[in-house]
A.B. asks: 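One structure is given below, represented as structure tokens, and several questions about it will come after.
Residue numbers start from 1 in every chain, and the chains themselves are labelled A, B, ... in the order their sequence lines are given, proteins ahead of strands.
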Amino acid sequence: MRRLVALTLGLLSAGCADLLVGPNAATDPPAMFEQVWRDVDRHYSFFQIKDVNWDSLHTVYGGRVGPAASPAYLASTLGSLLIALKDYHATLWTPFGVWQYRGPVGRTWVFNEGVVRDRYVTDWSTPPYGNLRFGHLAPDIGYIWIPTFDGSSFGPDMDLALARLSDVRALVVDVRDNGGGSNRNALDVASRFVTGEHVYAYMRFRSGPAHGDFTAPHAELVHWAGALYTGRAIVLANRGTYSAAEMFVLMMRTVPGVTVVGDSTGGAGGNPLTRELPNGWTYRFSQTVISAPDGTTFEGTGLAPDLWVPGSYAALTEGVDLALDSALAVARRTSP
Amino acid sequence: MTLFATAPVISHAQEQVATRVRRLELTGGVAALSLRDEAASPLRYDGAAPLLQLGYTLLHERSRFSLRGGVAYGSLTAATSSGGLPSEADVHGWIEADYLRSLGTGTERWRWAVGGTAAFRLAVRNHSYANPIGTALWYSFASLSLAPAVALERPFGDRRALAASLAIPLVALVSRPYSDVQVFRYGVPVRAVLVGRLQALDLGVRYATPVAPRADLVLGYRLVVERLRDLEPYRWASQSVWVAVSFRREGARSGEAP
């Protein structure tokens, strides 16, 4: 009976699907180029802020893709098209590689987890869900490193870490080299530091085909949840701090007395939309504009720290984390 | 527009003669779904979806009112899917109400009825992309439509009947996010569309036969198509085969003692 039902459904589906909903989209290289260009045209959020001439890029890159273009060449051309947006969230995944903008040439940042673990933290620990690392920088100064906001159960991990660091009067929260992930996870961490409810950002989505079609600005809120940390907090950020991690920095800025130390963040102030091509490749690009509570956007420029300490490779080679040293100095200035 | 409706079209011959009849119908089945929502993907997604529906019907001598609600869930894949990705987890539910009036004397071999259908349908889909970071985004489609309906029934006596119905929505309210559903945080946009923009139909065939004094077994097939001409077109089709148990309760004709 099950085989009969399956056979019947298969016949019905195969026989009519093309007629009813149409076949898959064409997979010839020019058609796939047009799809990517059109998708970005309809949904990308930073054309105006970045002053991108998208039509011109169509002329430049579209002219290179003929019907006989090889898959590798198509991948390279589409990747170049997306990189031309100079947007961290603009990414193309193909079997021939990944294309993603990583900031202007010459922009560097320094961070080494091993130096922090071996030279600074006395009791390096990992909570059950593995979302962060924590320990003591000094008997009264705690440290939490969040390498990514991908994953889940950040709240329980934070509650455990804060319980184990209940003896500190200052806490360094390190999101250097954190490439982002889920804003929900960033909220789960930040909500352990705030009292009340605060606007940490405004967000607008593309809402129509014109480059200036956006929803009204929507206030993004952070509020207290879980264990509450009430001591002094210092946030460490650098040029490798992107996306949801930048949202975390914005959330932490709402906490009175927080000091952001390190370098400006990477500057990825958009929420990505993912799409796929008929051949199975996937790509994404920003579909929102996120701005700080004062209305300023940070796409491409990043969020500036309160105390600028970019660090240096030379010092790191010697086992010295200059930004962390500065964060420690700020923490030690904190009154008990 | 109606969806997976197990709606009978005209009251059965015996029921039509003397009584007012209430029916409660429980339906189970499986649908072959095809989806091409270009807001999510240029690829066509296909798959099977089990469905459940509960229906209530009130039959009078010359008319019938029916109310139905149901839900279906399926996992759809594309021609490029490998290892389960990309895929669409498709959940949709529907609430439908229709009213039909019989034409003719009610004694013909083939009996016609005409009326209308109002239907609300909501589909929520989680699209999992095949990229290394495992992106999954939510999409949705909702419609509230009004459709004229026509039905044809051939009774065979002893409560056995073969019936067919067709409904074509002429006007609908449609809600669809511009991209993924995150934008709904900023308000749910609703727009009115006419038949030229929303091309849809609902075609059903059913055969009922008694299995107990107050219960019928109903077998059916239903085709539902919905195509929205949009900036990023939406096309969806469902072909379902189903079986239902229909429980009937006779009441008095209006003006008579029960």
Side-chain angles (χ1 to χ4, degrees), chain A residues 2 4-6 8-27 31-32 35 38-39 42-43 91-94 98 150 179-181 203-209 213-218 220 271-284 287-288, chain B residues 29-49 78-82 85-86 127-137 177-180 182-187 189 199 201 221 223-227 231-241 243:
Chain A
R2 288 175 60 185
L4 181 62
V5 171
T8 304
L9 285 170
L11 287 172
L12 291 173
S13 181
C16 299
D18 275 1
L19 177 68
L20 298 173
V21 303
N24 284 318
T27 57
M32 290 199 284
Q35 185 199 312
R38 191 177 58 240
D39 271 353
R42 289 173 176 170
H43 293 281
T91 310
L92 173 71
W93 290 277
T94 78
V98 177
D150 281 324
M203 194 182 293
R204 293 183 296 151
F205 273 75
R206 266 294 290 273
S207 61
D213 287 343
F214 284 94
T215 60
H218 184 268
E220 301 294 315
N271 211 357
L273 175 68
T274 299
R275 292 298 180 104
E276 62 194 1
L277 282 161
N279 64 356
W281 298 354
T282 61
Y283 54 102
R284 69 174 185 176
Q287 63 167 334
T288 66
Chain B
V30 62
L33 302 180
S34 293
L35 170 71
R36 194 169 166 207
D37 180 359
E38 294 192 27
S41 171
L43 292 166
R44 194 184 81 211
Y45 282 75
D46 301 292
T80 61
S81 295
S82 173
L85 291 174
H127 192 110
S128 295
Y129 293 90
N131 60 29
I133 61 172
T135 306
L137 294 175
Y178 181 70
S179 48
D180 62 289
Q182 294 180 78
V183 75
F184 277 171
R185 286 190 294 174
Y186 306 84
Q199 301 164 337
L201 70 83
Y221 163 80
L223 166 66
V224 182
V225 180
E226 200 165 42
R227 298 163 63 120
L231 188 66
E232 291 169 326
Y234 176 87
R235 305 180 190 93
W236 178 84
S238 164
Q239 298 181 81
S240 58
V241 288
V243 59

A.B. asks: Does A:Leu273 reach the side chain of B:Gln182, with side-chain heavy atoms less than 4.5 Å apart?
C.D. replies: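 The answer is no, as the side chains (C-beta and beyond) never meet within the 4.5 Å cut-off.
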
A.B. asks: For B:Tyr178 versus A:Arg206, what's the shortest heavy-atom pair and its separation?
C.D. replies: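 In this case the closest contact between B:Tyr178 and A:Arg206 is CD2-O, 3.5 Å.
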
A.B. asks: Quick check on B:Leu231 against chain A: is it the side chain, the backbone, both or neither that has a heavy atom closer than 4.5 Å?
C.D. replies: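 Both the backbone and the side chain of B:Leu231 come within 4.5 Å of chain A.
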
A.B. asks: Search all heavy atoms of A:Leu277 against all heavy atoms of B:Pro42 and return the closest pair with its distance.
C.D. replies: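 Heavy-atom minimum between the residues: C-CG, 4.2 Å.
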
A.B. asks: Tell me every residue that passes ring-ring contact (aromatic ring centres under 6.0 Å, His included) with A:Phe214, counting only those two or more places apart in sequence or in another chain.
C.D. replies: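 A:Phe214 satisfies ring-ring contact (aromatic ring centres under 6.0 Å, His included) with no other residue.
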
A.B. asks: Do B:Gln239 and A:Leu20 have side chains that approach each other closer than 4.5 Å (heavy atoms only, starting at C-beta)?
C.D. replies: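 Side-chain contact under 4.5 Å: yes.
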
A.B. asks: So, B:Tyr129 side chain and A:Thr282 main chain: donor-acceptor pair closer than 3.5 Å or not?
C.D. replies: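 Pair absent, no side-chain N/O of B:Tyr129 close to backbone of A:Thr282.
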
A.B. asks: Of the listed residues (A:Gly280, A:Pro272, A:Ala216, A:Pro209), which shares the most heavy-atom pairs with chain B below a 4.5 Å separation?
C.D. replies: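 Of A:Gly280, A:Pro272, A:Ala216, A:Pro209, A:Pro209 has the most heavy-atom pairs under 4.5 Å with chain B.
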
A.B. asks: Taking the side chain as every heavy atom from C-beta outward, state whether A:Glu276 and B:Leu43 have any pair of such atoms under 4.5 Å apart.
C.D. replies: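 They are in contact (side-chain heavy atoms under 4.5 Å apart), so the answer is yes.
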
A.B. asks: From A:His43 NE2 over to B:Ser179 OG, what is the distance, rounded to the nearest 0.5 angstrom?
C.D. replies: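 If I round to the nearest 0.5 Å, the distance is 6.0 Å.
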
A.B. asks: Any side-chain heavy atom of A:Arg284 sitting closer than 4.5 Å to one from B:Ile133?
C.D. replies: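 The answer is yes, as the side chains (C-beta and beyond) meet within the 4.5 Å cut-off.
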
A.B. asks: With a 4.5 angstrom heavy-atom cut-off, could you sort out which part of B:Thr135 is near chain A: side chain, backbone, both or neither?
C.D. replies: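 Looking at B:Thr135, just its side chain touches chain A.
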
A.B. asks: Is A:Arg38 salt-bridged to B:Glu38, cutoff N-O under 4.0 Å?
C.D. replies: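 No, no charged N to carboxylate O under 4.0 Å.
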
A.B. asks: Any side-chain heavy atom of B:Arg44 within less than 4.5 Å of one from A:Asp18?
C.D. replies: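 Side chain of B:Arg44 against side chain of A:Asp18, heavy atoms only: contact under 4.5 Å found.
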
A.B. asks: Looking at chain B, which one of A:Thr215, A:Asn271, A:Asp213, A:Thr288 has the largest number of heavy-atom pairs inside 4.5 Å, strictly under?
C.D. replies: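 Winner by heavy-atom pair count: A:Thr215.
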
A.B. asks: Which heavy atom of A:Val21 sits nearest to which heavy atom of B:Arg36, and what is that distance?
C.D. replies: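 A:Val21 and B:Arg36 have their closest heavy atoms at O-CD, 3.9 Å.
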
A.B. asks: Could you tell me which portion of B:Ala40 (side chain, backbone, both or neither) has an atom closer than 4.5 angstrom to a non-hydrogen atom of chain A?
C.D. replies: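 Only the backbone of B:Ala40 comes within 4.5 Å of chain A.
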
